[in-house]
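So the structure is just underneath, and the comments pick up after that.
Just so it is clear: chains get the letters A, B, ... in the order the sequence lines come, proteins before strands, and each one is counted from 1.
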Amino acid sequence: MNRAKMITASKIAVCVLLIAIFVVATVLVNVIYQEKEVDLYKIGSKCPDFELSSYISAGSPNGENFSSADARGQVLVVNFWYVHCGGCIAELPFFNEVQQEYGDEVKVIVVHASDVDTKADKQAYINKLEDSSGVKFSDYAVTFVQDTEELYLYGKLGGVGDFPITIIIDKEGIIRSVHLSSMTKESLTEEIEKWL
Amino acid sequence: MKFVDVKEKIEKNSVWQWLKNHAPSKRRIIQFYAMLLYNCNFKGFESGRIYKGSTKGMCVPGLNCYSCPGAIGACPLGSLQNALAESGNRLPAYIFGIIIMFGLLLGRTICGFLCPMGLIQDLLHKIKTQKIEKSKVTRVLSYFKYFLLVVFVITIPIMYQTGVPAFCKYICPSGTLLGGIMLLINPNNADQFAALGTLFTWKFLVLIVIVVGCVFIYRMFCRFLCPLGAIYGFFSKVALLGVKLDKDKCTNCGLCITACKMDIKHVGDHECINCGACVNVCPAKAISWKGSQFILRDSDVSSPVVTEKVDLVAMANRAKLSSVNDESGNEINKEQNE
């Protein structure tokens, strides 16, 4: 084979290789490695019971597990956040205020939905972080809990990648609303009042 | 009948000629390929959801937003900011390593060949209007990206350890265009419009300014604003790929600098995106691709001939130079004769 032919052949080989890489990547991403379909808990249906491990804060001083069955008879407010989400941290004070104002009528759980850091790291963040008025998260009356990969409560309750999201479950354990963006104190109170 | 035939033939030929003249260069094909490969989760564009497979833990070389519905990888700049913002007292070794690896292997060749933002800017500059050429002012402005790198990419994320990727959040047009708008135009995300606030308005304005700017100024974002280009620029001298200048052959005629649309001082410096525009204009064949000596023989390198791709201004300057300065002109001729 002469040199010119070899160059042409290698050019064709490179093109074929690149096209093959593209095709393989497209097939892998679009067909094989798609996210598993999550069996969504629908609004208006009963939320299956779940249990989550909690972090130590004023809301759960002993760090005991949280079980949704224990919150039957209370309006359950489920807020999903993660420690590096600015929007989540900005709205957390409202959830704390709501928990303090309504006392036993309402149960607010703040679910950490990322598994990037270790549990100890996240506990350290909760101990360290303060809200805008200088109150430490560890002094919050809400219960901080951790979502797990197996349960994936975040996805089942309608999360599609955005944070924060807030879900209201009424006294009978029926999912009443899924809010896919930040909440204000007013919108949160209004939503809770409906189901008291 | 014959007359019609001839007319048809001419029309066919002119179409063919037009296609020939407008055929994409190899660089353009590679740019398109890279963009498609980074964003091959086509299902995401349909569903309006971000891909979250395991490849998302990996960085692509170019500035391709993580939040683009098609993206299968992460943006190195975004990952760097997030890693710094969450690092505490630890060193984010993974992202440092991957940026250094890209820098050493490819350098700013990434900007010229593998960055989707580069492609968008190249295409915007194709719009036919009056262009603002490079000057001392743009040269000074080109240092602004180092300011953005230090302040928005490094300082703010490290200072406020609450996860503020400041460049992504306040400036990055790749984020607004690929992450923001591509998600928002999907009907499935209609309810997200309610969440838009002043931040989006600001970022949208930044995007508009950059898009309009890029029509008039070649690669405005790359040259003045892109911190990722600034980082890769540190590796220009040592990168495995790129253009290199043979100082023994160089006659200092300056044609390469004239032909180049970036703010370079010499071929292959930190502003050079290795696009290769200078390779063909060099009359002394002093500019070549790094490593090309392993593949090409001297006879394979085409002598600098006037092609449609060669900048006419550069050719005119060349003529001017050789007529004014006889010495260098002679030297060029000697080289060519050899």
Side-chain angles (χ1 to χ4, degrees), chain A residues 3-4 6-7 10-11 14-15 17-36 38 81-90 114 116-117 121-122 124-125 128-132 137 152 154-155 158-165 178-183 187, chain B residues 26 29-30 32-57 66-67 69-73 81-83 85-88 90 157 160-166 169 179 183 188-189 191-197 199 295-297 299-300:
Chain A
R3 196 175 150 74
M6 249 172 71
I7 289 176
S10 52
K11 274 180 186 170
V14 168
C15 289
L17 186 72
L18 288 177
I19 292 169
I21 290 175
F22 179 72
V23 171
V24 169
T26 310
V27 171
L28 284 181
V29 165
N30 286 278
V31 182
I32 298 169
Y33 291 128
Q34 277 291 317
E35 266 177 80
K36 277 176 281 175
V38 181
W81 78 309
Y82 63 97
V83 287
H84 304 301
C85 161
C88 311
I89 286 172
S114 149
V116 179
D117 304 279
D121 271 342
K122 277 173 281 198
Y125 274 120
K128 191 181 77 178
L129 289 175
E130 292 174 352
D131 64 23
S132 49
F137 285 171
Y152 195 41
Y154 172 73
V160 288
D162 311 311
F163 288 93
I165 70 166
V178 176
H179 197 92
L180 292 178
S181 57
S182 292
M183 294 198 93
S187 61
Chain B
K26 276 180 197 151
I29 294 169
I30 295 171
F32 267 110
Y33 177 80
M35 185 175 76
L36 281 175
L37 188 62
Y38 300 160
N39 297 299
C40 70
N41 177 37
F42 302 116
K43 264 195 169 169
F45 290 106
E46 183 206 326
S47 64
R49 288 177 60 172
I50 301 172
Y51 181 64
K52 289 222 185 60
S54 51
T55 52
K56 265 295 174 65
Y66 177 96
S67 299
I72 58 162
Q81 290 169 71
N82 277 303
E86 298 173 12
S87 58
R90 293 166 300 184
Y160 304 93
Q161 287 281 315
T162 44
V164 183
K169 191 171 172 183
L183 279 173
N188 293 348
N189 295 328
D191 53 343
Q192 300 281 330
F193 277 93
L196 300 180
L199 192 59
I295 305 161
L296 297 171
R297 289 177 192 163
S299 56
D300 290 336

Next item on the list: Check each atom of I29(B) against the heavy atoms of chain A and say whether the ones under 4.5 Å are side chain, backbone, both or neither.
Entry: neither
Notebook entry, point to check: Checking I72(B) against chain A: side chain, backbone, both or neither under 4.5 Å from a heavy atom?
Noted result: side chain
Notebook entry, point to check: Going by the angle between their ring planes, with limits at 30° and 60°, are Y33(B) and F22(A) parallel, tilted or perpendicular?
Noted result: tilted
Next item on the list: Mind listing the closest non-hydrogen atom pair of C40(B) and N30(A) along with its distance?
Entry: O-ND2, 2.6 Å
Next item on the list: Any chance you could measure N39(B), atom CG, to T26(A), atom OG1, to the nearest 0.5 Å?
Entry: 11.0 Å
